[in-house]
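Encoded as structure tokens, here's the structure I'll be asking about.
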Amino acid sequence: MNVHLVEETPWRHRIDPVDPMRVPGVVFAPHELLPLDPGDKALEQVANVAALPGIVRASYAMPDIHWGYGFPIGGVAATDVAAGGVVSPGGVGFDICCGVRLLASPLDRRGLLPHLPALMDRLDPLIPRGLGRGALWRMGRSQLHEVLRGGARYAVERGHGVARDLERCEDGGAVTDADDRQVGDRALERGAAQVGSLGSANHFLEIQTVDRVYDERCAEAFGLRPGQVCVMIHCGSRGLGHQICTDHVRLMDAVMHRHRITVPDRQLACAPVESAEGRAYLGAMAAAANYARANRQLLADETRHVFEELTGTGLDLVYDVSHNLAKLERRTVDGEERLLCVHRKGATRALPPGHPDLPADLAPVGQPVLVPGTMGTASYVLTGTDGNLAFDSCCHGAGRVWSRHRAQRECDVPRLRTEMTRAGVALRPTSWRSATEEVPQAYKDVDAVVTASTENRLGRPVARLVPLGVLKG
DNA sequence: ATGTGC
């Protein structure tokens, strides 16, 4: 599809609908954040998504947009369920319910620094990560099914956390519509040995410090203050989510013609939400969402124990939120209340103040939006705002600009070591060679992404965090 | 993202 971009404001671009688009594309990015390299398909993907059956309002892209499978990463699309609206696994991504969890320590930077080497030495062998096997929890099939149904709630019931953790998780730590019968054998097999593991690529566990607070009232409600030490965990549903995505893309690809659906790109395989295939995917996706939440709960619990042992202090959960999920949400569209299937892929839910799904203590200030940066660069906490045009969605990170291949070509191991030392970051990768794929230059400037999010009313910055120690896959 | 795949 040929994409013609129109600059709507200095911060936002529009793609006017041409056949087969049903709605416009809206890219919440200034010119310098647009993926304009020759051969980059991300903007074409925004236009392709606009052709999905039942899509309402627009095909949206966040400022950290980059090329993905079918949908761009940073894509948001909502379909009207009653109007034959579809759900597409490519609109969620392979890492179902990939997300971020932020924990706050009572220590400040000065109090923590003497403990940092010991903390890193202890966490390094304890936190399973990388492509190989190894996980905090080894389990049989029946316990895995409990995880798929109970998510972080089940982990807490088994002693891995406290009740307050669940209040600070999106959906209270578990969704109720998981259907573990829709999770195939191969996915179960891969999932059983990976609960409590980070994975690889841009997944990490970081010890951070609050570098700057932009909104004191929100920061206080979130439990954050300048100089404070935090732990940020970024991971997802590992091989289980990956296998579920693979399986259901294949299923939908095979039956799309029966539903009389045509899409501009085969990677947009989809089925009506109200079809056997649509319901099956959403049930399996919800099971993977619970798995990812249990995964983050276990990793947080283990980190908490290490902090207690070595510093004598605890860690409070600030929030846990996904940026790869589809959700059924009731929303007003053109003055009518509709049930929508909102796909967020590399986009974080960002509920505004007063939203009924927020816990009471967060209702006055809005939902914490957790935006991980790249290793050696900042991460952000934003809050949801009123007037968000993208179904209460915000950016999810910096957004890749170099392919993994190009990053390896541009950055060798000595250079990465030098850069991390200069940034004052203690990096513990499982492989230095693969860590070069994650060199900060391979990503957009996270500060610019957050500015663009703010200017487009997708969220408002609350705090900026910088890394002290990084564990990577 | 991923036991790196048709």
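Quantities reported herein were computed from a predicted structural model and do not represent experimental measurements. Proteins come first, then strands; the chains are lettered A, B, ... in the order of their sequence lines, and each starts at number 1.
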Whole-Å gap separating C1' (dT4(B)) and CZ (Phe94(A)):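 After rounding, the reported distance stands at 12 Å.
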Cation-aromatic face contact Arg428(A)/Phe204(A), 6.0 Å, 45 degrees: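 Judged by the rule (NZ or CZ under 6.0 Å from the ring centre, within 45° of its axis), Arg428(A) is not positioned above Phe204(A).
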In whole angstrom, give the distance that lies between atom CD of Gln243(A) and atom P of dG5(B).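 Answer to the nearest Å: 13 Å.
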Find the distance Asp253(A):CG to dC6(B):P and express it as a whole number of Å.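 Going from Asp253(A) (CG) to dC6(B) (P), I get 15 Å.
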Heavy-atom neighbours of Arg406(A) CZ exceed 12 at 6.0 Å: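 Atom CZ in Arg406(A) is crowded, with more than 12 foreign heavy atoms closer than 6.0 Å.
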How many whole angstroms separate atom CD of Glu438(A) from atom P of dT2(B)?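 Answer to the nearest Å: 11 Å.
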His203(A): ring pair (Phe, Tyr, Trp, His ring centres under 6.0 Å) partners, not counting sequence neighbours: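 If we apply the ring pair (Phe, Tyr, Trp, His ring centres under 6.0 Å) test to His203(A), skipping adjacent residues, the hits are His234(A).
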Could you state the atom-to-atom distance from CG of Leu131(A) to C1' of dT4(B) in whole Å?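 Distance, rounded to whole Å: 7 Å.
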Just to be sure I understand the rule, does Arg186(A) reach a base, reach only the sugar-phosphate, or reach nothing, if contact means heavy atoms closer than 4.0 Å?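 Here Arg186(A) touches the bases of the nucleic acid.
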Which whole-number value in Å describes the distance from Arg250(A) CZ to dT2(B) C1'?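 So the CZ-C1' distance, Arg250(A) to dT2(B), works out to 14 Å.
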Does a nitrogen or oxygen in the side chain of Thr246(A) sit under 4.0 Å from OP1 or OP2 of dT2(B)?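 It does not, given that no N or O in the side chain of Thr246(A) lies less than 4.0 Å from OP1 or OP2 of dT2(B).
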Round to a whole Å and report the spacing from CZ of Arg238(A) to P of dT2(B).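 Value for this atom pair: 5 Å.
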Electrostatic pair Lys472(A)-Glu437(A), nearest N-O below 4.0 angstrom: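 No.
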Using whole Å, report how far NE2 of His203(A) lies from C1' of dT4(B).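 Rounded to whole Å, this separation is 15 Å.
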